[in-house]
There are 2 protein chains.
Amino acid sequence: MSKPTVHDIAREAGVSLATVDRVLNERAGVREVTVKRVREAVSRLGYVRDISAANLARQRRYRFAFLLPDTPSQFLKVLQDAIDEAALGLKLDRCEIQVLRVPVSDPVALVNVFRRLERIAVDGVAVMGNETPMMRDLIARLKARRMAVVALITDQPNSERDHFIGIDNMAAGRTAAVLMGRFAGPRRGSVAVVVNSMQARDMVERRIGFDQVLSEQFPGLTALPTVEGRDDHEVTARVIAQCLDSHADVVGIYCAGAGLRGVSQVVAERGLAGRQVVVGHDLTPHSRAALEAGTIDAIINQNAGHLARSAARVLKAQCDGVGVIASQEKIRIEIVIKENLP
Amino acid sequence: MSKPTVHDIAREAGVSLATVDRVLNERAGVREVTVKRVREAVSRLGYVRDISAANLARQRRYRFAFLLPDTPSQFLKVLQDAIDEAALGLKLDRCEIQVLRVPVSDPVALVNVFRRLERIAVDGVAVMGNETPMMRDLIARLKARRMAVVALITDQPNSERDHFIGIDNMAAGRTAAVLMGRFAGPRRGSVAVVVNSMQARDMVERRIGFDQVLSEQFPGLTALPTVEGRDDHEVTARVIAQCLDSHADVVGIYCAGAGLRGVSQVVAERGLAGRQVVVGHDLTPHSRAALEAGTIDAIINQNAGHLARSAARVLKAQCDGVGVIASQEKIRIEIVIKENLP
DNA sequence: CTGAAAGCGCTTACAG
DNA sequence: CTGAAAGCGCTTACAG
């Protein structure tokens, strides 16, 4: 016999469809004995519920919001595009996704966003932003309203978020260091390290991983004190230029945050392509061009399309109360060089 | 007004549901004028059909078969597991997937497989195997029966397959060469190259890409003539050992096919870890362990889970006559080192 | 606490 | 060539 349906369960348990439905959806107001009879019928027949039929019947729509920082960055643009593209495909699965660019470090703005999400009755939220008390508070409010919440790219480990969608940044830093060390070959000297801000947990983690591997495996290389590019390619260009001016023995640059464009600009201007090893993060139109031009040697990337789809899938699974395929939701630390550019 | 349904179209066009359905599904037997009226209503209201409701109504099930070679290889095991895992998740989407391990180079076996696929009324087939006349013939038969067909991992470019799910092997070879050259640092010498068989197109392509980059970018390194490991780690170990014995200046080994386990075994036995640069393909339990042990330096991988899910999604899209998200179906050339192991 | 009936958006025989 | 009615597998008011 083929897949059992609610009708089969009803017959087998000697109850009506409505009662089967109540038990399946764990609604109150059913006698213990009845619940048990239905449960037994379910397991005896090996019933599994057809979620798309259920969604059709209840006209279920999933409304998700993605909260991204309103800072200008090419990667955020890439990510936003990826979310929009994923949203198109997910429409068929009754998911409506909207992206909100918000000033994530402004408490007032965050409260307004929360009000808005509440008003439009969102089912799930993916939040990206630094770990701050405001953010933790926002997540707590969302969870209090029973929304599904995932942290995107930057984890919010001490919050009530249901999942984290992103990479292990320590491992990413370690990976960057191996590429730096091996690509540098026999050269000895120092390595410049630029991040957005040492306030951000991911930057700190990348730096720690990077330092670990450099000191363990490449004793000929010394990482210089971190300089901060403040998410801005002009600032990044300036601090990196200063760094190169004050250290004659720099053989490589690790750009752990945004602003990679500033780095490649300095490298190009000074004719350092192929002489400095440059390792950065995040594939964007700029970093792709820089890889092709040879001003950057390798990019550590997290696939924007994968991030977007994974966040949506996990939010949906959370809403449905079902599990996910762990391996599919694991965001990979991609290594991209000119030759394997997608 | 919210999403229009078939009812809205029927009312707007002044016809019945059945007629709307006929037009939407392009069935014959509707007057040209009627077709036009319905089409106009569709575009006027911006109707898009709810595929899951349609599938529910027609009790549509998708039956897919994956044909994998019956040769023993760890990567095939990994792939088979990935397919089984994907199948579990796709059950919810009414997809039933079965994997058939077949002697793909045996014409008689292939004909039998075809008969079987025909008998169980499969909707789509993913085939993996060398490009042979038999294979091309099999694909032609499948297409003649209106099945969707994708080539998996190894393309069948001169066949009628609908899509190719796999990587650009030339680019993969180029990527391997960059890793080889950069990891070798200042060392000069020769590089051993082992493949399954030079009859296989992917092996030839990888070798070409590898040679291109080596001669363009790393003049200090010379690739030795290809040796064949015949998909067997013992044979691979033997031919690599011979290669090392007869060439004193080998600084690296590129294993473009299966049998990487044989390479890492020789490297381990001879205490060459860290002295020879070893680059191979495909992440398996063995190659993972070898990366961790340091007997292999880098793996070029194609994600098995991604291959499996992508093949299924593309087959389904083909059956439904809809498009796919190109970026999601592009199989990436992954670079895996110890530090970014998933 | 439980059930009969209608409905979600689409498709399918069957009749005409 | 076209339509009325029943049905896919589930859920939801409404009655009792």
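Proteins come first, then strands; the chains are lettered A, B, ... in the order of their sequence lines, and each starts at number 1. The structure displayed is predicted, hence computed values, not measured ones.
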Under 4.0 Å between any heavy atoms, over every strand shown, what does [X] touch: base, sugar-phosphate, or nothing? Just pick one.
X	result
Asp50(A)	sugar-phosphate
Ser52(A)	nothing
Ala54(B)	sugar-phosphate
Val30(A)	sugar-phosphate
Asn25(B)	sugar-phosphate
Val15(B)	sugar-phosphate
Arg27(A)	sugar-phosphate

Atom pair distance, as rounded to whole Å: [atom1] in [X] and [atom2] in [N]:
X	N	atom1	atom2	value
Arg60(A)	dT11(D)	CZ	C1'	13 Å
Asp8(B)	dG9(C)	CG	P	9 Å
Glu26(B)	dC1(D)	CD	C1'	18 Å
Asp21(B)	dA6(D)	CG	P	18 Å
Arg11(A)	dG9(D)	CZ	C1'	14 Å
Arg94(B)	dC8(D)	CZ	P	12 Å
Leu56(B)	dT11(D)	CG	P	12 Å
Asn55(B)	dT11(C)	CG	C1'	11 Å

Practice task
Tell me which of Leu24(A) and Arg37(B) sits closer to the 5' end of DNA chain D, going by the nucleotide each one is nearest to.
Solution key: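 Its nearest nucleotide being more 5', the pick is Arg37(B).
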Handout entry: Nearest-nucleotide comparison on DNA chain D, the residue closer to the 5′ end among Ala57(B) and Val33(B)
Key = Val33(B)
Problem - Heavy-atom side-chain proximity of Thr5(A) to Asp50(A) below 4.5 angstrom - result: no
Exercise for the section: May I ask you to verify whether the side chain of Arg58(B) and the base of dG7(D) hold a donor-acceptor pair under 3.5 Å? Expected result: no
Problem - Note: Arg60(B)-Asp123(B) ion pair, threshold 4.0 Å (strictly below) - result: yes
Handout entry: Ion pair check, Asp155(A) and Arg161(A), cut-off under 4.0 Å
Key = yes
Problem - Pairwise 5' ranking along DNA chain C for Val35(A) and Leu17(A), keeping only the more 5' one - result: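 Residue closer to the 5' terminus by nearest nucleotide: Val35(A).
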Between [X] and [N], is there a contact of a side-chain N or O with OP1 or OP2 at under 4.0 Å?
X	N	value
Thr19(B)	dC1(D)	no
Arg49(B)	dT11(C)	yes
Ser16(A)	dG3(C)	yes
Gln59(B)	dG9(D)	yes
Arg31(B)	dT2(D)	yes

Problem - Watson-Crick or G-U wobble partner of dT2(D), both distances under 3.5 Å - result: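 Across all strands, the one nucleotide that pairs with dT2(D) is dA15(C).
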Practice task
Report yes or no: is the cationic atom of Arg94(A) (NZ for Lys, CZ for Arg) closer than 6.0 Å to the six-membered ring centre of Tyr62(A), at no more than 45° off its axis?
Solution key: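 The answer is no; the distance or angle limit is not met.
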Exercise for the section: Counting heavy atoms from C-beta on, name the nucleotide in dT2(D), dC10(D), dA13(D) closest to the side chain of Arg22(A). Expected result: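 Shortest atom-to-atom distance from the side chain points to dA13(D).
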Problem - Arg101(A), CZ: over 12 other non-hydrogen atoms inside 6.0 angstrom - result: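 Atom CZ in Arg101(A) is packed in, count exceeds 12.
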Handout entry: Under 3.5 Å: donor-acceptor pair, side chain of Asp93(B), backbone of Cys95(B)
Key = no
